[in-house]
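Everything on this sheet refers to the single structure shown next.
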Amino acid sequence: MAAETFDRALTLVLELEGGFVDHPSDPGGATNLGITLATLAKARGRPVTVADVKALTRAEAGTIYRRSYWDAVRGDELPPGLDLATFDFSVNSGPSRAARSLQGVLGVAQDGRIGPKTLAAAHAADPAETVRALTRERLRFLRGLSTWPVFGGGWTSRTTRMETAALMAAAAPYARIAEPKPSQPGEEKVTMIDSKGLLASRTVWANLVGLGSLALGTLGVQTGTLDQSGLAEALAQIVAGISFIASTYFRLQATKQITPPAR
């Protein structure tokens with residue numbers, strides 16, 4: 001499962017990083033698949049050339065990302081969604097910076113190394129709220145860089161897209177499948193999705209509102225004054241009320257017993 005999670009995170013990061021670039025304003029210099037000349041030289045343990053960077057394969061880049069970034073922030077041990085947000089932050093700004101920012105958001109000592117206390121705090125915190133807070137801290141840090149006027153637009157787009165993906169990953173555990181009790185011979189088996197928990201989730205509605213806001217922004221509609229958090233909360237409460245009424249009605253009408261999902 002951990003390998004699958006990393007593979008998905010890597011696919012997203014590589015999509016955002018793109019291919020070979022050598023922007024004159026980029027302190028990292030020649031870069032391919034997000035791997036700079038200096039990073040590649042460190043990974044190989046010897047000096048490399050721009051030609052080496054150009055020839056970098058996806059497989060080698062994946063190995064570097066796993067060892068130098070994902071493992072450095074203990075991605076396998078972070079909660080879903082937060083692993084993705086922290087990983088991309090580390091790729092963009094370094095593992096130590098990402099770790100310190102995460103620790104600041106969680107209210108633990110900021111030593112730049114994710115250990116047991118940071119992991120415990122991460123699992124005790126609300127994953128969606130932590131992702132949002134980490135995104136705000138990431139953008140705050142990026143805005144303070146001298147290269148913000150050149151790369152700020154791209155960084156904002158990347159950070160926003162990664163936040164949306166991370167929030168969706170954090171919300172995934174809400175989708176559960178309710179397995180039926182063993183049926184008797186001749187009885188039809190029924191499988192139901194716990195849609196009440198999914199649709200009444202504030203996190204899910206926050207994701208949908210965020211996606212809608214991004215779509216409107218792409219079309220040129222200004223959404224800066226939209227209270228996304230308040231709207232998501234209201235939608236979640238409305239759906240929770242409707243779900244309660246509907247579930248009560250259908251329970252009274254039901255003729256089959258269904259085992260509730262494990263809590």
Side-chain angles (χ1 to χ4, degrees), residues 1-17 26-28 31 33-36 38-43 61-148 151-152 154-170 173 203:
M1 187 63 181
E4 181 181 353
T5 302
F6 169 71
D7 288 341
R8 291 177 179 175
L10 178 63
T11 297
L12 286 171
V13 167
L14 290 179
E15 178 184 340
L16 292 171
E17 288 289 354
D26 187 350
T31 304
L33 301 174
I35 303 298
T36 65
T39 299
L40 183 59
K42 181 179 179 180
T63 299
I64 295 172
Y65 277 122
R66 160 64 95 165
R67 181 176 63 248
S68 301
Y69 298 95
W70 179 266
D71 289 347
V73 297
R74 300 180 71 165
D76 287 340
E77 301 171 76
L78 287 171
L82 190 56
D83 53 0
L84 177 58
T86 306
F87 171 54
D88 189 60
F89 194 166
S90 76
V91 169
N92 204 195
S93 303
S96 181
R97 167 64 61 182
R100 288 199 301 274
S101 295
L102 176 60
Q103 289 167 333
V105 165
L106 295 172
V108 298
Q110 295 177 264
D111 60 4
R113 297 176 63 85
I114 296 178
K117 291 183 179 179
T118 303
L119 291 172
H123 282 277
D126 179 273
E129 291 304 323
T130 307
V131 166
R132 293 190 186 95
L134 184 62
T135 299
R136 290 193 296 270
E137 176 58 26
R138 179 178 177 179
L139 286 172
R140 185 202 64 77
F141 167 72
L142 291 173
R143 289 190 185 100
L145 298 179
S146 61
T147 48
W148 173 262
F151 300 109
W155 287 339
T156 300
S157 176
R158 172 183 182 146
T159 302
T160 302
R161 288 182 61 187
M162 193 57 69
E163 179 188 38
T164 300
L167 287 171
M168 293 179 70
T203 300

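Along the sequence shown, residues are numbered consecutively beginning with 1. Note that these values count all heavy atoms, side chains included, but never hydrogens, waters or copies made by symmetry. Predicted model, so just to flag it, every value in this text is computed and none were measured.
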Residue list, salt bridge (Lys or Arg N to Asp or Glu O under 4.0 Å) with D88, at least two apart or on another chain
R138, R158
Presence of salt bridge, D126 and R132, under 4.0 angstrom
no
Shortest non-hydrogen contact from [X] to [Y]?
X: A72; Y: S68; answer: CB-O, 3.4 Å
X: A121; Y: L106; answer: O-CD2, 3.9 Å
X: L12; Y: A165; answer: CD1-CB, 4.1 Å
X: P80; Y: A169; answer: CB-O, 3.8 Å
X: L16; Y: R161; answer: CD2-NH1, 3.5 Å

Quick one: do the W70 and D76 side chains pair a donor with an acceptor below 3.5 Å?
yes
At what distance, to the nearest 0.5 angstrom, does [atom1] of [X] lie from [atom2] of [Y]?
X: S90; Y: Y65; atom1: OG; atom2: OH; value: 9.5 Å
X: T147; Y: W155; atom1: OG1; atom2: CH2; value: 3.0 Å
X: L78; Y: T130; atom1: CG; atom2: OG1; value: 10.5 Å
X: L84; Y: T164; atom1: CG; atom2: OG1; value: 10.5 Å
X: T159; Y: E137; atom1: OG1; atom2: CD; value: 12.0 Å
X: S101; Y: F141; atom1: OG; atom2: CZ; value: 7.5 Å

For [Y], is there any backbone N or O sitting under 3.5 Å from a side-chain donor or acceptor partner on [X]?
X: H123; Y: E77; answer: yes
X: R74; Y: I114; answer: yes
X: Q103; Y: D111; answer: yes
X: T39; Y: I35; answer: no

Yes or no on salt bridge (Lys or Arg N to Asp or Glu O under 4.0 Å) for E163 and R136, after CA distance, side-chain angles and deciding distance?
CA-CA 10 Å; E163 179 188 38; R136 290 193 296 270; over 6 Å; no
Is the shortest heavy-atom distance from the side chain of M162 to the side chain of F87 under 4.5 Å?
no
Side-chain touch R100/R113, heavy atoms, less than 4.5 angstrom:
no
L102 pairs by side-chain contact (heavy atoms from CB on, under 4.5 Å) with which of V73, L134, V108?
L134
Residue of the set L10, T86, V91 for which side-chain contact (heavy atoms from CB on, under 4.5 Å) holds with Y69
V91
Does NZ or CZ of R97 come closer than 6.0 Å to the centre of the six-membered ring of F89, within 45° of the ring's axis?
no
Passes side chain to side chain contact (heavy atoms under 4.5 Å, CB included), N92 versus L142? Steps please.
CA-CA 10 Å; N92 204 195; L142 291 173; 4.2 Å; yes
